Amino acid sequence: MGFDFESLAEATSGAVGALVSTVILYPLDTCKTKYQAEARSPDQQKYRNLTDVLWEAIHDRQVLSLYQGLGTKNLQSFISQFVYFYGYSFFKRLYLKKSGYKSIDTKANLIIAAAAGACTCIITQPLDTASSRMQTSEFGKSKGLWKTLSERTWSDAFDGLGISLLLTSNPSIQYTVFDQLKQRLLLRKGSNGTDPGSSPEALSALAAFVLGALSKSIATCLTYPLIRCKVVIQAAESLEDGNQENPRQSRKTISSVSSSIWRSEGIPGFFKGLQAQILKTVLSSALLLMIKEKISKTTWVLMLAIRRYLFTTRARLKGL
């Protein structure tokens, strides 16, 4: 198929959008992650709510530590979004070329999105693990990327990979819920006899935004127990847990973490930090898509210029 400049432009704009949204929302992400990572009984919890994490940073004069691990998170976010958007765009174009269809249906779209998401998880999992450990470290005591990964075995760098692969189902749930809500809303508009001359597939921008946020929230609620378990698995060992001296002594698994949360916090523990997760996810998705749309045209023009320069240079070399 040759080098796919369209997929490259799509991937680049998506990656830049992810980078900017990550920087803007990173303090919220750090507070959320540290709050989620604490798996203790209510009477022993250090953080009663999300704002306790923020006040700890302010009280200890470690406000800048809310950005600990930002470099790794940015690297992980940039690579993951680049790989995802490139993989999704590439697989979509390949599917349309091989099938001969002019458009892609919902089922094929979900499969392609899941495939792109699985590839992204495998490639970026060590960075995801490292960024989680950095964020959940004591304020002011976060380590660098290499030291964070090398202090344990390389297999530990892929902690939570199985859960990450399962969480690729989140977009499938989101799109399914969105489609169902959309159909119900359009049927209700049709039954009320409003806008009889409008297209049956049309949704206003506000309705699309509200349904998108609602469907994303529902998908997050359904998959949140997995998200909470993943954060606890990847979290750095607390000094209060007494495991800092030998981090290789015990390895967290989804069964051990689930059992620990069940014993110490009960069923509500699997949904600890859900509100913050929804807030961060919805804001992040909205910012990413908004920034991506704003720079996509510029990126495409830049890619065309680079492509023309490469072809011109190649032609000159052949003429020598």
Side-chain angles (χ1 to χ4, degrees), residues 5-36 50 53-54 57 63-90 113 116-117 119-121 123-136 142 144-145 164 167-168 170-171 174 205-206 208-210 212-213 215-217 219-220 227 231 273 275-306:
F5 273 89
E6 185 173 339
S7 297
L8 183 61
E10 185 79 5
T12 302
S13 58
V16 173
L19 194 67
V20 176
S21 65
T22 297
V23 173
I24 294 174
L25 298 175
Y26 197 75
L28 172 63
D29 190 41
T30 298
C31 292
K32 172 192 71 69
T33 304
K34 287 181 72 70
Y35 180 63
Q36 289 172 326
L50 196 67
V53 184
L54 177 62
V63 176
L64 291 180
S65 293
L66 292 172
Y67 288 92
Q68 61 188 23
L70 176 60
T72 301
K73 193 72 171 182
N74 276 336
L75 180 61
Q76 184 252 333
S77 180
F78 185 88
I79 294 176
S80 64
Q81 291 299 324
F82 185 91
V83 172
Y84 178 81
F85 279 108
Y86 185 88
Y88 177 80
S89 181
F90 180 81
C119 293
T120 302
C121 288
I123 293 173
T124 62
Q125 188 62 36
L127 292 174
D128 185 39
T129 302
S131 64
S132 292
R133 291 178 188 169
M134 291 177 180
Q135 284 184 304
T136 53
S142 177
L145 172 60
S164 295
L167 287 174
T168 58
N170 189 288
Q174 178 189 356
L206 178 60
F209 176 81
V210 172
S215 60
K216 186 64 178 179
S217 299
T220 301
I227 296 174
V231 172
Q275 300 91 332
Q277 182 72 35
I278 292 175
L279 176 62
K280 187 259 177 183
T281 300
V282 172
L283 289 178
S284 178
S285 298
L287 279 172
L288 188 153
L289 293 175
M290 180 186 69
I291 296 168
K292 176 179 174 292
E293 288 300 316
K294 290 293 183 181
I295 67 173
S296 58
K297 292 184 179 179
T298 304
T299 305
W300 176 241
V301 172
L302 180 61
M303 290 297 170
L304 286 178
I306 294 174

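Computed from a predicted structure; not experimentally measured. Atom set for the values below is all heavy atoms of this structure, side chains included, hydrogens, waters and symmetry mates excluded.
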Exercise for the section: Please assess Leu66 against Cys31 for the test side-chain contact (heavy atoms from CB on, under 4.5 Å), listing each intermediate value before the final yes or no. Expected result: CA-CA 7 Å; Leu66 292 172; Cys31 292; 3.8 Å; yes
As an exercise, state the distance from [atom1] of [X] to [atom2] of [Y], rounded to the nearest 0.5 Å.
{"X": "Asp29", "Y": "Ile24", "atom1": "CG", "atom2": "CD1", "result": "13.0 Å"}
{"X": "Thr281", "Y": "Gln174", "atom1": "OG1", "atom2": "CD", "result": "10.0 Å"}
{"X": "Gln125", "Y": "Thr129", "atom1": "CD", "atom2": "OG1", "result": "4.5 Å"}
{"X": "Met134", "Y": "Gln68", "atom1": "CE", "atom2": "CD", "result": "9.5 Å"}
{"X": "Leu19", "Y": "Asn74", "atom1": "CG", "atom2": "CG", "result": "4.5 Å"}
{"X": "Leu279", "Y": "Leu25", "atom1": "CG", "atom2": "CG", "result": "8.0 Å"}

Grab the two heavy atoms, one from [X] and one from [Y], that are nearest each other, plus how far apart they are.
{"X": "Leu145", "Y": "Ala130", "value": "CD1-CB, 3.5 Å"}
{"X": "Lys34", "Y": "Val53", "value": "CD-CG1, 3.9 Å"}
{"X": "Ala219", "Y": "Asn170", "value": "O-ND2, 3.5 Å"}
{"X": "Ala116", "Y": "Gly87", "value": "CB-C, 4.1 Å"}
{"X": "Ala276", "Y": "Leu50", "value": "CB-CD2, 3.7 Å"}
{"X": "Thr33", "Y": "Gln135", "value": "OG1-OE1, 3.5 Å"}

So does [Y] get a backbone contact from the side chain of [X], meaning a donor-acceptor N/O pair under 3.5 Å?
{"X": "Tyr88", "Y": "Gly117", "result": "no"}
{"X": "Gln76", "Y": "Asp128", "result": "no"}
{"X": "Tyr26", "Y": "Gly69", "result": "yes"}

Practice task
Give a yes-or-no answer on whether the side chains of Ser80 and Thr124 include a donor-acceptor pair shorter than 3.5 Å.
Solution key: no
